[in-house]
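What follows is a set of notes on a single structure, which appears directly below.
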Number of protein chains: 2
Amino acid sequence: MKNRLKVLRAERDWTQADLADKLEVSRQTINAIEKGKYDPSLPLAFKVARLFEMPIEAIFEDETELEVG
Amino acid sequence: MKNRLKVLRAERDWTQADLADKLEVSRQTINAIEKGKYDPSLPLAFKVARLFEMPIEAIFEDETELEVG
DNA sequence: ACTTTAAGTAAAGCATGCTTGACATTTATA
DNA sequence: TATAAATGTCAAGCATGCTTTACTTAAAGT
């Protein structure tokens, strides 16, 4: 799953640690999500969306295949 | 986290097993999410949103407190 | 009443999300 | 160049998401 965290941070001049603080997660969690090591949980995705005041879909981009079935 | 899965299913006359099949997860997973036992992962939430053709926020409702900080 | 279908629930196990602590690398700045 | 700030990464451990198997309960149709 792609995400725009790095850009959204840059627009606000926030460090990964800044964002981590605001979201109440560890800095490593932000780093891992930005680097695509794993996806955030849904509750964390909601928190991100609220912080940036935009829909989840405007921040995270799903790239899983469409069904064949 | 509240969700409208049960209603969305009912509108389409789908069983939990039907929905599970369409989402490629187990029936128990659908049951657990509907009963609020846990939240779906973000990828699964995206899959649900695509299936019902509506934004994640129209299906799942976050109810975590706003920051005091 | 019987049968079937749907929904609920539980346990064990594996995969993923997130934590802390520590250390390495990169980037900016004195 | 030296120092500090920001980012990257790893390991161990705990919490959550999801699986399979299996059983129970509820609802619906015969």
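Source: prediction; values computed, not measured.
The closest donor-acceptor contact from the side chain of Glu61(B) to the backbone of Asn3(B) lies at 3.5 Å or more, if one exists at all.
Between Trp14(A) atom CH2 and dT7(D) atom C1' there is a gap of 18 Å when expressed in whole angstrom units. Between Asp13(B) atom CG and dA27(D) atom C1' there is a gap of 14 Å when expressed in whole angstrom units. One interatomic measurement links the two molecules: CZ of Arg9(B) to P of dG8(C), which rounds to 8 Å at whole-angstrom precision. To the nearest angstrom, C1' of dT5(C) lies 15 Å from CG of Asn31(B). Counting to the nearest Å, the C1' atom of dT7(D) and the CG atom of Leu19(A) are 14 Å from each other. Tyr38(A) has its OH atom 13 Å from the C1' atom of dA11(D), to the nearest Å.
Within the 4.5 Å cutoff, side-chain heavy atoms of Val48(A) are placed close to those of Phe60(A).
Donor-acceptor pairing under 3.5 Å, judged by distance alone, is present between the side chain of Gln28(A) and the base of dG21(C).
The salt bridge (Lys or Arg N to Asp or Glu O under 4.0 Å) test with Glu34(A) singles out one residue from Lys6(A), Arg9(A), Arg4(A), Lys2(A), and that residue is Arg9(A).
No more than 12 heavy-atom neighbours from other residues, nucleotides or ligands sit within 6.0 angstrom of CD on Glu53(A).
Among the atoms of the strands shown, only primed sugar atoms or phosphate atoms (P, OP1, OP2) are found under 4.0 Å from some heavy atom of Ser41(A).
Both Thr15(B) and Ile30(A) lie near DNA chain C, and the one whose nearest nucleotide falls closer to the 5' end is Thr15(B). The 5' end of DNA chain C is approached more closely, in terms of each residue's nearest nucleotide, by Ala17(B) than by the other of Ala17(B) and Leu42(A).
In this structure, the nucleotide among dT20(C), dG17(D), dG8(D) sitting nearest to the side chain of Ser26(A) is dT20(C). Comparing dC18(C), dT20(C), dC18(D) by their nearest atom to the side chain of Leu44(A) picks out dC18(C). In the set dC23(C), dC10(D), dG8(C), the nucleotide with an atom closest to the side chain of Arg27(A) is dC23(C).
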